[in-house]
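Structure first, commentary second.
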Protein chains: 2
Amino acid sequence: MSTNDCLSGTIRHLLDAGVRPTRHRLALAELLFDGRERHVSAEMLNVEAREHLVSISLATVYNTLHHFTAAGLLREIVVDSRRGYFDTNTSDHYHFFYEDSLCLVDIPIEALEIMRLPATPAGKTIRRVEVVVRVSG
Amino acid sequence: MSTNDCLSGTIRHLLDAGVRPTRHRLALAELLFDGRERHVSAEMLNVEAREHLVSISLATVYNTLHHFTAAGLLREIVVDSRRGYFDTNTSDHYHFFYEDSLCLVDIPIEALEIMRLPATPAGKTIRRVEVVVRVSG
DNA sequence: GCGATTTTTAGAATCATTCTAAAGGGTGTT
DNA sequence: AACACCCTTTAGAATGATTCTAAAAATCGC
């Protein structure tokens, strides 16, 4: 058994989620999980990685985003029928989508209250209730 | 002045929306506005047109869907970050999205009640509040 | 029917994403 | 350290949806 308690927070974060902390995953995780609420597309993260002098292929960015999502570290949000966005906030919440700047901002769950839900279709399970408030101007 | 009162319902529908009722637009409108609630992608509508022996190019299907949307005859729904869907129901309402079959079903506005909305960001206007209930199984 | 304006078209171009197959890296065992 | 095994990364090709382009065709008002 190795001394597990002196690992960097990011490595721990990945290990806890069952993701092998490879060099590239670590670099992307450092960028993603910096404490801010972040909503990134693959292309955005790729650019950011290059800006931070991390040499990485776009395919790896896609792989990693999908791995992180499968491991519960990220959550995919659908607001645009062209691009996929990933959210570092994996808890239940909603979004503002700024149509002009294509930016996303979290709406905390308690800021929006849904009183009534329609009956779930027979034999189905609700996976998620997504709310997107589209704003512009 | 022509005798306007003996036009087909579909032609009237297009004229009322300020859309020139060309042959192709009419054919697509006949398919779309048949009374059912419909949620189509460009590819789906293109296949359907061919099945009905309407010879049309995919580019025209895209043009027409966008024209109809701009004219208020359709509404675009975002549920999938790959494909765009268009809804023949342009009134305020929400959606079930069946993740397995990629099907959409309307949720009437009164079946879901949103009690509290967060404050609108300064200087912005709410364009729409979208609710998608994702189900599977 | 004429001419001006819009539509339609096929195909090329674009953009995001996934796939492929090969090279590289990580981990545990000896 | 060397080995073997398995997982990751990669560049580039492939895919799929959508948009663009430029030319041909249809439409409309006169």
Side-chain angles (χ1 to χ4, degrees), chain A residues 1-4 7-8 10-11 14-15 17-29 31 39-50 53-71 73-74 76-86 102 104, chain B residues 1-4 7-8 10-11 14-15 17-31 39-50 53-71 73-74 76-86 102:
Chain A
M1 162 197 170
S2 64
T3 88
N4 246 6
L7 297 176
S8 95
T10 309
I11 293 181
L14 295 188
L15 286 174
V19 174
R20 283 225 301 216
T22 66
R23 203 145 24 83
H24 293 126
R25 288 172 181 174
L26 221 75
L28 294 182
L31 292 175
H39 305 92
V40 302
S41 68
E43 196 55 62
M44 283 163 59
L45 186 56
N46 189 49
V47 166
E48 194 175 344
R50 291 181 187 292
L53 306 172
V54 179
S55 154
I56 201 167
S57 98
L58 183 54
T60 300
V61 175
Y62 275 101
N63 287 343
T64 303
L65 286 172
H66 288 141
H67 265 111
F68 283 5
T69 303
L73 295 172
L74 289 176
E76 202 169 355
I77 334 167
V78 180
V79 281
D80 187 321
S81 60
R82 315 178 145 55
R83 236 172 311 279
Y85 284 88
F86 295 84
L102 304 181
L104 280 157
Chain B
M1 160 199 167
S2 65
T3 88
N4 248 6
L7 296 176
S8 95
T10 309
I11 294 182
L14 296 188
L15 286 174
V19 173
R20 285 224 301 214
T22 66
R23 207 151 14 90
H24 293 127
R25 288 172 181 174
L26 220 74
L28 294 181
E30 293 281 2
L31 292 175
H39 306 93
V40 302
S41 69
E43 197 55 60
M44 285 164 59
L45 186 56
N46 189 48
V47 166
E48 194 175 345
R50 291 180 187 293
L53 305 173
V54 179
S55 155
I56 199 167
S57 97
L58 184 54
T60 301
V61 174
Y62 275 101
N63 286 345
T64 303
L65 285 172
H66 288 141
H67 265 111
F68 283 6
T69 303
L73 296 171
L74 289 176
E76 202 169 355
I77 333 168
V78 180
V79 281
D80 187 321
S81 60
R82 314 177 146 54
R83 236 174 310 280
Y85 284 88
F86 295 84
L102 304 181

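Letters go in sequence order (proteins before strands), and every chain restarts at 1.
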How do B/G84 and A/S55 order along DNA chain D: which one's closest nucleotide is nearer the 5' end?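 Upstream on the strand: A/S55.
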Starting at the 5' end of DNA chain C, which residue's closest nucleotide do you reach first, A/R23 or A/E43?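 Counting from the 5' end, the first nearest nucleotide belongs to A/E43.
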For B/S81 and for B/H24, find the nucleotide of DNA chain C with the closest heavy atom, then tell me which residue's nucleotide is more 5'.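 By nearest-heavy-atom nucleotide position, the 5'-most residue is B/H24.
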For [X] and [N], what is the distance between atoms [atom1] and [atom2] respectively, to the nearest whole Å?
X	N	atom1	atom2	result
A/D80	C/dC15	CG	P	14 Å
B/L65	C/dT7	CG	P	15 Å
B/L26	C/dT7	CG	C1'	14 Å
A/L45	C/dT17	CG	C1'	15 Å
B/L58	C/dT9	CG	P	11 Å
A/E76	C/dT17	CD	C1'	11 Å
B/N46	C/dG11	CG	C1'	15 Å
A/R25	C/dG25	CZ	P	15 Å

Give the nucleotide from the list [options] with an atom nearest to the side chain of [X].
X	options	value
A/R83	C/dG26, C/dA16, D/dC28	C/dA16
A/A42	C/dT17, D/dT9, C/dT6	C/dT17
B/T64	C/dT8, D/dA11, D/dT19	C/dT8
A/Y62	D/dT18, C/dT8, C/dT18	C/dT18
A/A59	C/dT6, C/dT9, D/dT10	D/dT10
B/H66	C/dT9, D/dT19, C/dT18	D/dT19

Side chains of [X] and [Y]: closer than 4.5 Å at any heavy-atom pair?
X	Y	value
B/T64	B/H24	no
B/T22	B/L14	no
B/E43	B/R83	no

Looking at every strand, decide which applies to B/T60 at a 4.0 Å heavy-atom threshold: base, sugar-phosphate, or nothing.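 Counting heavy atoms under 4.0 Å across all strands, the contact made by B/T60 includes a base.
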Would you classify B/I56 as touching base, sugar-phosphate or nothing, given that sugar-phosphate means primed atoms plus P, OP1 and OP2, and contacts are heavy atoms under 4.0 Å?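 It contacts sugar-phosphate atoms only.
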Backbone N or O of B/G84 within a donor-acceptor pair of the A/R82 side chain at under 3.5 Å?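 No, A/R82 side chain to B/G84 backbone: no donor-acceptor pair under 3.5 Å.
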Hey, is the side chain of B/R82 poking within less than 4.0 Å of OP1 or OP2 on C/dT18, counting only N and O atoms?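 Result: yes.
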Using only heavy-atom distances, determine whether the side chains of B/E30 and B/T10 contain a donor-acceptor pair under 3.5 Å.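 The criterion, which ignores hydrogens and geometry beyond distance, is satisfied for B/T10 and B/E30.
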